[in-house]
Amino acid sequence: MLNKDEKRSYYDNTVSYSATNKAENIRNIIDGVLNKTLTMFLYTNLPETLPIEELEKILQLNGTGFVTVIDEQLVVLKGFYNYDKVDIYNRPLEINCYLPDKKTFKMFNISDGVVIKNDYLERGLLPIFKKWGYLINESELTLIIANRYKRMVKTFIANDDPTAESVRTYLTKVDNGESSVITSSILWDSIQIDGETNTNTLHELIEYDNYIKSELYKEIGLYSNDNMKKERLITSEVETGMNSIFPLVDNMLNCRKQAIDKINKKFNTNIDVEFTSSWEYRLNLGENLTEEEEEELVGNND
């Protein structure tokens, strides 16, 4: 555990959050969501040479993994298909895998192991994360700007450079949350003030921000209420929202189960995979919600 001085040093050396550093912010959003989805599945009886987090990172980011034996150990590799050899359905018969410890690629026959897919199209989750990461970052940036300019609701138009500089000083103080005044009547007379700078209310922006984050969570199989009305949601609204979160995560679980069955048969293992508690509880395996679960899921918005 860090002591007081070490904590102060750590935070001093940490790069401050910048709303305009979009690339870094999107990476942080993606990492945050990935940290959640890496816990989506619970594996039992996995060999130590198949760490859950490494298996899931390969599947969710690459879309495809190849489980095979290297140096008498069962491992999962990041692979890319070789389409020079295919079967009647245009499915590749070879996969080119990178061996990080050997810093080289090796071509395997598909029959040398088992291909495990993240989803039927082997796209992984990264395209989804990139899309919603961009939208969330833009929404949060808009909220920051809107919140900042709630401190002033007019646009200032200066007729000369000294006036413009004085207005900049005034606005800088407003931006920093400081009190500021204009003392000269001559300066005030040279300033024109025009209209509202922001026609969107913060409530509307928050509602939109809540909506896009809710849509992201639905894509990864977690129910999130995007309805900001005050009264409680009725059961039919909850069930409609629940139904929208099934397809992709069911697809992902089916792909893993099919591959695990092949791995067990080929390598004489006894691995199993299911949803972890967060996904199992919220998906409820397609059964109707009980009153207790509905109460827990929806909550009281009064």
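Val75 and Val114 are members of different hydrophobic clusters when ILVMFWY side chains are connected at heavy-atom separations under 4.5 Å. Taken together through direct or relayed side-chain contacts under 4.5 Å among Ile, Leu, Val, Met, Phe, Trp and Tyr, Ile263 and Ile95 form parts of separate hydrophobic clusters. Hydrophobic cluster membership is shared by Ile220 and Met252, with clusters built from Ile, Leu, Val, Met, Phe, Trp and Tyr side chains linked at under 4.5 angstrom. There is a path of hydrophobic side-chain contacts, each under 4.5 Å, that joins Leu46 to Ile58. Tracing side-chain contacts under 4.5 Å through hydrophobic residues (I, L, V, M, F, W, Y), one reaches Leu125 starting from Val33; they form part of the same cluster.
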**Request:** Apply side chain to side chain contact (heavy atoms under 4.5 Å, CB included) to Leu34 and Leu61, showing your working.
**Result:** CA-CA 9 Å; Leu34 184 61; Leu61 295 178; 4.0 Å; yes
**Asked** Does the pair Leu74 and Val67 meet the rule for a side chain to side chain contact (heavy atoms under 4.5 Å, CB included), with working shown?
**Response** CA-CA 7 Å; Leu74 195 61; Val67 177; 3.7 Å; yes
**Prompt:** Step by step, would you call Leu38 with Gln60 a side chain to side chain contact (heavy atoms under 4.5 Å, CB included)?
**Reply:** CA-CA 8 Å; Leu38 287 176; Gln60 294 184 29; 4.0 Å; yes
**Message:** Checking Lys102 against Asp71 for the salt bridge (Lys or Arg N to Asp or Glu O under 4.0 Å) test, could you report, in this order, the C-alpha distance in whole Å, the side-chain angles of both residues, the deciding distance, and whether it holds?
**Reply:** CA-CA 12 Å; Lys102 297 179 173 57; Asp71 298 331; 3.2 Å; yes
**Request:** Just do the side chain to side chain contact (heavy atoms under 4.5 Å, CB included) check on Lys131 and Leu216 with the steps written out, would you?
**Result:** CA-CA 9 Å; Lys131 169 190 171 182; Leu216 167 60; over 6 Å; no
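No side-chain heavy atom of Glu56 sits less than 4.5 Å from a side-chain heavy atom of Thr37. Side-chain contact between Glu94 and Asp84 is absent, with no heavy-atom pair separated by less than 4.5 Å. Counting heavy atoms from C-beta outward, Phe80 and Lys78 have side chains that approach closer than 4.5 Å. Between Phe105 and Leu99, every side-chain heavy-atom pair lies at or beyond the 4.5 Å cut-off. Side-chain atoms of Glu122 and Thr64, non-hydrogen and from C-beta on, do get closer than 4.5 Å to each other. Side-chain contact between Thr104 and Tyr98: absent, with no pair of heavy atoms (C-beta onward) separated by less than 4.5 Å. The side-chain heavy atoms of Met107 and Asn82, taken from C-beta on, include a pair separated by under 4.5 Å. Between Ile260 and Asp272 the shortest side-chain heavy-atom distance does not fall below 4.5 Å.
Within 6.0 Å of CG in Asn268 there are 12 or fewer heavy atoms belonging to other residues, nucleotides or ligands. For Lys262, the NZ atom is loosely surrounded, since the number of other residues' heavy atoms within 6.0 Å does not exceed 12. More than 12 heavy atoms of other shown residues, nucleotides or ligands fall within 6.0 angstrom of atom CD in Glu53. Shown here is Tyr134, whose OH atom has no more than 12 heavy atoms of other residues, nucleotides or ligands within 6.0 Å. Other residues, nucleotides and ligands contribute only 12 or fewer heavy atoms inside 6.0 Å of the NZ atom of Lys85.
Using a 3.5 Å distance cut-off with no hydrogens or angles, the side chains of Tyr43 and Glu274 do not pair a donor with an acceptor. Using modelled atom types, one finds no donor on one side chain facing an acceptor on the other under 3.5 Å when comparing Ser18 with Glu24. If you check the side chains of Trp132 and Glu215, you find no donor sitting under 3.5 Å from an acceptor. Remark: the Thr68 side chain and the Asp112 side chain contain no N/O donor-acceptor pair separated by less than 3.5 Å.
With rounding to the nearest 0.5 angstrom, the CG atom of Leu253 is 10.0 Å from the CE atom of Met40. Note that CD1 of Ile128 is 8.0 Å distant from CZ of Arg123, once rounded to the nearest 0.5 Å. With rounding to the nearest 0.5 Å, the separation of CG in Asp119 from CG in Asn251 is 5.5 Å. Once rounded to the nearest 0.5 Å, the distance linking OG1 of Thr269 with CG of Asn264 reads 3.5 Å. Of the inter-residue distances, the one linking Ile52 atom CD1 with Thr276 atom OG1 reads 10.0 Å to the nearest 0.5 angstrom. Atoms CG and CD1, from Asn35 and Ile30 in turn, are 12.5 Å apart once rounded to the nearest 0.5 Å.
Scanning both residues, Cys97 and Gly79, for their nearest heavy atoms gives SG-CA, 3.9 Å. The shortest non-hydrogen separation linking Val273 to Lys257 is O-NZ, 3.1 Å. Shown here for Gly65 and Leu59, the closest heavy-atom pair between the two residues is N-CD2, 3.6 Å. Taking every heavy atom of both residues into account, Ile29 and Gly133 meet most closely at CD1-O, 3.6 Å.
Between the Asn147 side chain and the Leu143 main chain, no donor and acceptor come within less than 3.5 Å of each other. Judged by distance alone, with hydrogens and angles left aside, the side-chain atoms of Thr142 form a donor-acceptor pair with the main-chain N or O of Glu138 at under 3.5 Å. Between the side chain of Lys130 and the backbone N or O of Ile26, no donor-acceptor pair lies under 3.5 Å. Side-chain N or O atoms of Lys266 include none that pairs as donor or acceptor with a backbone N or O of Gly113 at under 3.5 Å.
Using a cut-off of 4.0 Å between Lys/Arg side-chain N and Asp/Glu carboxylate O, Asp209 and Lys213 are scored as salt-bridged.
In this structure, Phe41 and Phe275 have parallel ring planes: the angle between them is below the 30° cut-off, well short of the 60° mark.
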